[in-house]
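Structure first, then comments.
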Amino acid sequence: MDNKKVMMITGTRKGIGYYLSEYYLDRGWFVAGCSREMSDLKHPNYFHFECDVANEAKVKQFFKETKKRFGRIDALVNNAGIASMNHILLTPLSTMERIFKTNVFGSFIFCREAGKVMQKQKFGRIINFATVATPLKLEGEAAYASSKAAIESLTQIMAREFAEFGITVNAIGPTPIETDLIKSVPKEKMAALINRQSIKRLGEFRDVSNVIDFLIQPESDFITGQTIFLGGVQ
Amino acid sequence: MANKEELYEIIYEALEDINSTLPKNKQIKNDPSEILFGSEGKLDSLGLVNLIVQLENLIDDKYDKSITIADEKAMSEHRSPFRSIDSLAEYAVTLLNTED
């Protein structure tokens with residue numbers, strides 16, 4: 001029981017979230033995952049909860065259930081996110097609101113609730129999701145990139161506020177990875193984007209888990225408030 | 001319906017943890033008139049944050065109700081609900097008995 005490690009991951013029904021759930025379950029973690037719909041992931045140490053990450057009441061219920069089942073939360077991975085590509089002149093306010101609701105408000109609620117649990121434990125690791133679209137200032141991605149810029153800022157300030165509770169807060173900034181998030185991006189756009197990275201290839205799931213492995217290891221207790229970009233993007 | 005006596009007990013429970021981190025001369029007594037926060041208070045702002053988080057958790061456990069104690073309303077009250085154990089208990093009872 002004492003050696004039990006519990007990770008909460010958002011957006012686990014598919015893509016990176018699904019991969020991370022399986023990856024950490026394979027490594028002995030207990031995983032509490034959520035998504036708006038049911039998950040087909042079946043594992044004795046996996047608990048799935050259906051919720052919209054921006055629904056505060058539901059998220060609080062998810063934390064309650066997770067604490068009841070697993071007793072603690074060692075790491076939170078705020079993976080759930082949505083994107084939208086469009087010129088600003090063609091971006092409806094509703095798109096902007098939808099993106100900020102999931103990406104920013106959702107991450108904020110999860111961080112705050114995790115902070116309450118981790119504060120009591122005097123230990124915790126929070127990993128948020130940023131993007132290379134922010135430093136690359138990609139045209140057509142204003143809504144997505146600015147929502148993730150907010151995540152970077154939240155991460156930096158939370159890192160300071162949570163430091164004395166033994167909680168570190170960092171972010172990973174992936175390059176495009178072959179997932180649903182980028183399936184509608186035209187090929188030539190993608191090639192141009194990858195060309196701006198130092199290492200010119202698509203990201204892979206293992207690149208993400210590698211950074212998370214580093215951030216959650218006990219020796220990383222002196223690393224907080226950082227955003228680690230993949231692919232050599234600064 | 002929650003009552004103030006119950007809330008005193010919950011606050012005392014929350015204070016057990018807080019007291020373990022405070023120096024001897026700053027220990028908070030289990031007494032409704034004890035001043036928590038403000039110029040004569042024994043808690044600094046972070047101590048108050050800790051107390052509120054503990055209190056919200058304990059209230060959720062006991063009443064199965066999720067309340068937000070430090071909201072805009074609490075912050076803008078003319079008489080701060082965080083001043084004493086008594087005022088905090090009174091504010092929490094009001095929230096518990098009015099929130100859905």
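Quick note on labels: first sequence line is chain A, next is B, and so on, each numbered from 1.
Of all the listed residues (A/Lys116, A/Glu164, A/Lys64), the one sharing the greatest number of non-hydrogen pairs under 4.5 Å with chain B is A/Lys64.
Within the 4.5 angstrom heavy-atom criterion, only side-chain atoms of A/Lys67, from C-beta onward, approach chain B. The parts of B/Asn50 that come within reach of chain A are both its backbone and its side chain, each placing non-hydrogen atoms under 4.5 angstrom from that chain.
Here the straight-line distance linking atom NE2 of A/His48 with atom CE of A/Met38 works out to 8.0 Å at 0.5 Å rounding.
The cationic group of A/Lys122 does not satisfy the cation-pi geometry with A/Phe165, failing either the under 6.0 Å distance to the six-membered ring centre or the 45° limit from the ring axis.
A/Asn86 has its side chain out of reach of A/Thr95: every pair of non-hydrogen atoms, C-beta onward, lies at least 4.5 Å apart.
By the 30° and 60° cut-offs, the orientation of the rings of A/Phe63 relative to A/Phe110 is tilted.
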